[in-house]
Amino acid sequence: MNTATWALTVAAAAEFAHLAPAAVRLPVLRRTLARRTAGLGADPHHVALTFDDGPDPRSTPYVLDALDGLGGVRATFFLLGSMLERAPALGRELVLRGHEVAVHGWYHRQQWYPAPVRDLREVRRTTEAVTELCGARPHWYRPPYGVLTAGPALAARSLGLRSVLWTAWGRDWTAEATGASVYATARPGLTGGATLLLHDSDCTSAPDSWRATLAALPLIAAHCRTRALTLGPLRDHAVPWPS
């Protein structure tokens, strides 16, 4: 094997190792690894409600008021450090109103290529910002786009964060989304132990798409209520931590 071939082989191996954790997005592997990564909880009567991409002063307050109006439903908010830096008071309000805060990274960007130093720096920076500005230590990490590559996964683990994706979503980030469509998309996955992905900000989505999320929340809550399912944060979801 010549030097060029060896270099290509090493690069390919490094890239494979970096991308391998992202395979949990594949349905067959997500089912297999659900309790470890996809957020499938052990409580058959609980659905974890999670929101990504905030806090956003234009939209998050409406989501918070809607959750209060649904009987005080609480959720887990995966925060972007860059958004929290611009709205620290809102991050603090999330905790004061009983919600759980978690880490979504500093920027919402894909991390396809290995950069372990950058990954650790950004996950740590966001973790420290959430802890300081919100006044609560986060326990969960969700990568942007749900692409859990090796660098961020290892960074999260080293910081004591549990990486978690989701088992159901509402596709609420699209321009075509409505309250009815978000609910219809999420409904098949709204079963005991599910983790639902929604968004409280349109900072990385279609403009005003958060309004579809807002309109879907009463429909989702009613669905869960009629099936004796409790909506709540991941901290109440009984997701076993990996050994």
Side-chain angles (χ1 to χ4, degrees), residues 22 24-27 30 38-39 47-70 73-87 90-91 93-94 99 101-113 122 126 140-149 152 164-191 194-224 231 233-234:
V24 298
R25 298 191 76 194
L26 300 176
R30 180 170 293 190
V47 172
L49 179 60
T50 70
F51 294 90
D52 283 7
D53 295 356
D56 191 330
R58 297 179 303 113
S59 51
T60 303
Y62 291 96
V63 172
L64 295 179
D65 288 345
L67 295 176
D68 282 346
L70 293 171
V73 171
R74 297 296 173 252
T76 300
F77 288 80
F78 285 86
L79 308 181
L80 290 172
S82 56
M83 295 293 286
L84 178 60
E85 187 178 50
R86 293 195 288 266
L90 186 52
E93 184 179 354
L94 288 170
H99 299 285
V101 287
V103 173
H104 197 34
W106 194 265
Y107 303 106
H108 199 283
R109 62 186 178 192
Q110 294 177 340
Q111 298 167 320
W112 292 113
Y113 300 103
E122 292 193 3
T126 310
W140 307 94
Y141 169 71
R142 176 178 288 160
Y145 302 103
V147 179
L148 184 61
T149 50
V164 64
L165 300 180
W166 58 85
T167 64
W169 63 14
R171 292 188 63 84
D172 58 341
W173 60 86
T174 67
E176 299 78 18
T178 64
S181 75
V182 171
Y183 169 60
T185 302
R187 183 176 55 202
L190 294 179
T191 57
T195 292
L196 175 61
L197 164 67
L198 296 172
H199 296 78
D200 63 304
S201 171
D202 62 5
C203 67
T204 65
S205 306
D208 285 336
S209 55
W210 63 269
R211 297 185 185 277
T213 307
L214 195 67
L217 287 176
L219 303 176
I220 292 168
H223 172 96
C224 292
L231 279 171
L234 280 165

Sequence-distant partners of F51, ring pair (Phe, Tyr, Trp, His ring centres under 6.0 Å), two or more places apart: F77

Side chain to side chain contact (heavy atoms under 4.5 Å, CB included) evaluation trace for L49 with L67: CA-CA 11 Å; L49 179 60; L67 295 176; 3.8 Å; yes

Selection residues 49-61 - residue pairs positive for salt bridge (Lys or Arg N to Asp or Glu O under 4.0 Å), sequence neighbours left out: D52-R142, D56-R58, R58-D202

Nearest heavy atoms of A102 and W140, plus distance in Å: CB-O, 3.5 Å

Heavy-atom check, side chain of L148 versus side chain of Y141, under 4.5 Å: yes

Test side-chain contact (heavy atoms from CB on, under 4.5 Å) applied to A221 - qualifying residues, sequence neighbours left out: L70, R225, L231

Exercise: identify the closest heavy-atom pair between G170 and L196: N-CD1, 4.5 Å

Side chain to side chain, M83 and S201, heavy atoms closer than 4.5 Å: yes

Atom pair OG1/CG of T126 and L80 - distance to nearest 0.5 Å: 8.0 Å

For D68, salt bridge (charged side-chain N to carboxylate O under 4.0 Å, His left out) partners two or more places apart: R74, R97

Pair listing, salt bridge (Lys or Arg N to Asp or Glu O under 4.0 Å) test, anchored in residues 168-191, at least two apart: none

Those residues that, when tested against A212, pass side-chain contact (heavy atoms from CB on, under 4.5 Å) (two or more places apart): A177, V182

Distance-minimising heavy-atom pair for H104 and P143: CE1-O, 3.5 Å

Distance (rounded to the nearest 0.5 Å) between S59 OG and H199 NE2: 11.5 Å

Results of side-chain contact (heavy atoms from CB on, under 4.5 Å) for P61 - residues two or more places apart only: L90

Derivation of the side chain to side chain contact (heavy atoms under 4.5 Å, CB included) call for F78 and V164: CA-CA 10 Å; F78 285 86; V164 64; 3.6 Å; yes

Side-chain (S209) to main-chain (T174) donor-acceptor, under 3.5 angstrom: no

Distance-only donor-acceptor check, side chains T60 and D200, under 3.5 Å: yes

Test ring pair (Phe, Tyr, Trp, His ring centres under 6.0 Å) applied to W210 - qualifying residues, sequence neighbours left out: Y62

Inter-residue atom distance T167.OG1 - L190.CG, 0.5 Å rounding: 8.5 Å

Beyond-backbone contact of P55 with L84, side-chain heavy atoms, under 4.5 angstrom: yes

Chi angles and distances behind the side chain to side chain contact (heavy atoms under 4.5 Å, CB included) call for V103, L79: CA-CA 5 Å; V103 173; L79 308 181; over 6 Å; no

Non-hydrogen atoms of W106 and G81 that approach each other most closely: CE3-CA, 3.4 Å

W169 side chain near T185 side chain, heavy-atom distance below 4.5 Å: yes

Heavy-atom closest pair, residues V101 and G91: CG1-O, 4.5 Å

G179 versus A215, closest heavy-atom pair with distance: CA-CB, 3.7 Å

